[in-house]
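Note that the numbering runs from 1 along the sequence shown for the chain.
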Amino acid sequence: MTETIDALAGLVAGGGVVVLSGAGLSTESGIPDYRGPSGAARRHTPMTYQVFTRDAQARRRYWARSHLGWRVIARAAPNDGHRAVARLQRGGLVDGVITQNVDGLHTAAGSPRVVELHGRLDEVVCLGCGNQTSREELDRRLREANPGFDARVSAVNPDGDVDLADDEVAEFRTVDCTFCGAGVLKPDVVFFGETVPAPRVARCFDMVQRARLLLVLGSSLTVMSGRRFVLRAAKLGIPVVIVNQGPTRGDGYAALTLDAPLGRLLPALADRTVGAPAAGDGGVGVAPTGLTAVR
C-alpha cells in the first residue's frame, strides 16, 4: 500500500504533470460512468450529431430526456478527487488538465488551465447563428414551454441524457434561438459523430508535448478522442501513469497503472506532494484503502 502511493508520489513530485481525466473522476459526485464499476446501463443509442441536426422528432426526444437529466448534472458538486487535482495545480505540480467530461466540475473545484475537450453541458449554442447562452436560461424557457411535464428520472447518463418512454416525450415542446428567432439549439458539447474543434485538439497536443508526465484519471481510454494523447505521449517518450478502476486501452503504454478509488487516492497524493490542505480548502486527507498496484 505505502509503496504504491510512494511510487505515484515520486513520479508526480517532479512537476510538469498534465492530467487527462474521464468520467470515472466524477462518479463520486453522483454522475455515473459508462464503463466503470458504477456504469450506467444505457438502453437507447446515444444521440449522434447527424440525427440531431436532421430529425426534428429526434431532437424532441433528446431535449425531453436531457431537460430532466440536466437537473441532476446541475446539482452535482466537485468531489475530493477534483479538489485534490486543484491542490496539485496550486502546488505547482500539475500544469494543466485535459478533461473528457462535460460536467464542469474541474473548474468548479478551482482548477485553472482546464481544456474541456468535449465542451460543457451548461452552455448552449445556436446552430444557425452561433449565439451562445447558458443552460440555466434554456432550462427556464423549457420549463415555461412545458408546465405539465413531470416525467420521473430513474437514471442519468454521464452526458445528462436519461431514459424515457416515447409516450412521456410525445407532448414535449422544444424552443428555438431567441437571438436569431429560428436557429436550432444544441448543448455546446461534442456529440457522437461530431469532431472536436481542431484548435482545441491542437492545444491539448501542445500541453502533452510539453509535459514531463501524463497522468490519466478515471478514463477507460476506449475511444480515440482521449487515447490519442496517451499514444502521443508514449511516442515522445513521456511517461504515462493511469489510475482507473478497471483495465484501460492505454495500459500497455503506462509506466505505472493503479486500480484505485480516485476520491481516496488523489487527496492522499496531494497530501504527500504539496502538503495537507489549508483550512477551508476542502481536502480530506484520508489515507487511501483498497489500492492495487498493477505495475
Looking at [X] and [Y], what are the two nearest heavy atoms and their distance?
X	Y	result
L88	A270	CD2-CA, 3.9 Å
R272	A9	CB-CB, 4.3 Å
L221	R227	O-NH1, 3.0 Å

Flag the pair [X] / [Y] as yes when at least one side-chain heavy-atom distance between them is below 4.5 Å, and no otherwise.
X	Y	answer
L258	L265	yes
S219	F229	no
V241	V17	no
V216	N244	no
D139	R143	yes
L185	L127	no
E123	S134	no
T99	H118	no

If we count only N and O atoms by modelled type, under 3.5 Å, do the side chains of [X] and [Y] hold a donor and an acceptor together?
X	Y	value
S111	Q89	yes
S220	T248	no
D251	T257	no
R135	S66	yes

Plane angle bin for H67 and F172 - parallel if under 30°, tilted between 30 and 60°, otherwise perpendicular: tilted

Between the side chains of E144 and R140, is the shortest nitrogen-to-carboxylate-oxygen separation below 4.0 Å, so that they form an ion pair? yes

Cationic N near anionic O, under 4.0 Å, E136 to R141: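 Not counted as a salt bridge, because no side-chain N and carboxylate O are separated by less than 4.0 Å.
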
F192 and Y49 aromatic centres sub-6.0 Å: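 Between Y49 and F192, which both carry aromatic rings, the centre distance is not below 6.0 Å.
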
Ring centres of Y62 and F191 under 6.0 Å apart?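 Distance test on ring centres: under 6.0 Å, yes.
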
Could you give me the CA-CA distance, side-chain angles and deciding distance for D80 and E28, then say whether side chain to side chain contact (heavy atoms under 4.5 Å, CB included) is met? CA-CA 8 Å; D80 291 337; E28 293 178 50; 5.8 Å; no

Let me know which of L93, L8, L262 forms a side-chain contact (heavy atoms from CB on, under 4.5 Å) with L269.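 Exactly one candidate clears the test, L8.
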
Test side-chain contact (heavy atoms from CB on, under 4.5 Å) applied to S21 and Q100, H106, H82, the passing residue: H106

Rounded at 0.5 Å granularity, tell me how far CD in Q132 sits from CG in D188.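 Those atoms lie 5.0 Å apart.
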
Could you walk me through whether D206 and R210 satisfy the salt bridge (charged side-chain N to carboxylate O under 4.0 Å, His left out) test, starting with their C-alpha distance in whole Å, then the side-chain angles of each, then the deciding distance to 0.1 Å, before giving a yes or no? CA-CA 6 Å; D206 183 64; R210 294 172 181 268; 3.0 Å; yes

Check this for me: R173, atom CZ, are more than 12 non-hydrogen atoms of other residues, nucleotides or ligands nearer than 6.0 Å?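 No, the 6.0 Å shell around CZ holds no more than 12 heavy atoms from other groups.
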
